[in-house]
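All values reported here derive from a predicted model rather than from experimental measurement. Within every chain, numbering begins at 1; the chains are lettered A, B, ... in the order of the sequence lines, protein sequences first and strands thereafter.
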Amino acid sequence: MPNFTEETISVAGGNLQVYKGGSGDPLLVLHGAGGNAGPRRYAQALAEKFTVYLPSHPGYGKSDRPGWVESMQDLACFYTWFQEQEGLENVRAIGFSMGGWLAAEMLSMTGHAFSKVMLVGAAGIKPNDGEITDIFIINPQQIRDLVYHDPSQVPEWDEMFGTDPTPEQAQQAEGDREMAIRLTWRPYMHNPRLPAKLARVSVPTHILWGENDNLVPVECAGLFHQAIAGSQVTVIPNCGHSPQIEKPDDFVQAALAFL
Amino acid sequence: MDVFYFTEMPYAEFPESEAEKYPSMRLTFPNTYFDPNTASGLMNRYLDEYQYAEETGFDGLMINEHHNTPSCMDVEVNITGGILARITNRAKILMLGNMLPTSDNPVRLAEEIALLDVISGGRIISGFVRGIGIESWANNTNPIHNRERFEECHDLVVKTWTTPGPFRWEGNHYHYRAVNPWMLPVQKPHPPVWVPGTGSPETVEWTARRRYTYAAFLTPLDVAKNLFARYREYAAADGWEPGPEKFAFMICAHVNETDEKAQESGKAFLWRMNYPLRGPREYWSPPGYTSRAGAAAVAARRPTPLHEMSYQELQDRYHLVVGSPDTVIKKLRHIRDELGIGSLLLEAQGGQLSHADTMRSIELFGKEVIPALKD
């Protein structure tokens, strides 16, 4: 198992918490609205082939929020700044959920953000038929019940959810929720102009979804596919919103094949 | 001490147990339970009762505003304020208040309040509120910006009232090219501003620093005392001493001819203390709505939520005062003397309290209770 270290990098007027591990070409992993779960099993597996960078977004975890980071577009600006500073432009990337939306915004801003990108259960485009579940109006337990299609197949369940959070962890989770609300309150979890802007994307893009996603409807996989010419789509059966946690082996297999 | 009459103008015309089927009686409780014809009767009844409250001797009439809830049909204090401005002629009209953070147009708000002040001949007290978390949902205003929008909206409204136009405003949340409304308030420099609170330390400080009146809402007496003491500390630090006119207290109150009758008819208030106060934390206080300090203060405020208190407990803790005129006079004098307040805000119609019981209560307040509180 590759060792991950926790680093603090000063970017754009604030400190960014980054988990870094493995060796090989860089791979930037962008977490979702729920926060940075750290180097879970899928990240360890990817670190066998790549140097994995797993930052906590500004305002999340131990990362500062520069006062100007108020929207997803600001967050995308922040990360292009980070990439420039750290020499991480044109790298491989994976974005989960809100992190997928973030990756898509970055793709829409510059042609040299990523060499290849995976969007996993990505927010950012409004579904035509369903709706993106409002995770702010329900409690963390209800969110968890919706995220996982079948908790019994989540190999890290006990490790992740087996014990009650400490007061510090609860404060952290509250801070993460506040940052998610700041970034995505209205329009909720999407940018009406994103699909049009994604027409500029020319890098290889792999759209991956859990077939039973209860947060971001699987129809959004098709909408991202329509918006990004030449993209490929994989739908993992019998799986919820977070394939990397719920079916890490299937996820890693698909990721390594593409990346 | 001034005594104000208040009702939330509830719509209690359905079995309250229906609320059990939903997360709350607010926000997402289906409006299919609403019948506009029933509401028409109720709204006109409530307005009649306000008129009668002025006639019998209340010094002021208080109105408020909520959204997506049967507990309060007033959805716009500037509309009901306009009606009261025209159908009454003496009482102060306390709007407590306009929700600033959910307002997208502070200049329009300043104009509306100014118009009410003009029509009423300078009787408007302009309450400014942050709105409970549910209002952030109902109006889809980001709760993370609640306090900063409250403050910027306030600054712009007051500047609109007090600074000759035209001027520009390029703020963080509000932007105008030509602030120059024709309509300005009668009261100079502007109508009195009141701010309600239930414990948030930032609100007490903000209110004290601006020398506005702070109104404690349904808090235990010791909590209100504590909040008022903090206000006095901020005032002292700024070198001034607030009089009773800077402090108000709001509770539910009901009078009937005898204690026995009052205890029976007063049970109608249990409706407003029950389902309308329940619901998920996310509804009442979405993440970001309350600062960490505010959350800690609110948690410390009430050991037991109102909706978990019995009828007797609500009375013992002075959230609800019920009785004959003599009993109610004693209790309200106790509150007045304990808190040193200049205004007592009485929610004297609540829940399912009938028109007849409301009118009798208003009459007894006007004839017997209020005069006894003036000594």
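At most 12 heavy atoms of other shown residues, nucleotides or ligands fall within 6.0 angstrom of atom CZ in B:Arg230. The number of heavy atoms from other shown groups lying within 6.0 Å of CZ (B:Arg209) is above 12. Around the CZ atom of A:Arg193, the shell of radius 6.0 Å holds no more than 12 heavy atoms that belong to other residues, nucleotides or ligands.
Heavy-atom proximity under 4.5 angstrom to chain B picks out A:Asp134, A:Phe136, A:Ile137, A:Ile138, A:Asn139, A:Pro140 from residues 118-142 of chain A. Identified by a heavy-atom distance below 4.5 Å to chain B, the contributing residues of residues 159-181 of chain A are A:Gln171, A:Glu174, A:Gly175, A:Arg177, A:Glu178, A:Ile181, in residue-number order.
In plain terms, the two heavy atoms of A:Trp185 and B:Asn140 that are nearest each other are NE1-OD1, 3.1 Å.
With a 4.5 Å cut-off on non-hydrogen atoms, A:Arg186 touches chain B through its side chain but not through its backbone.
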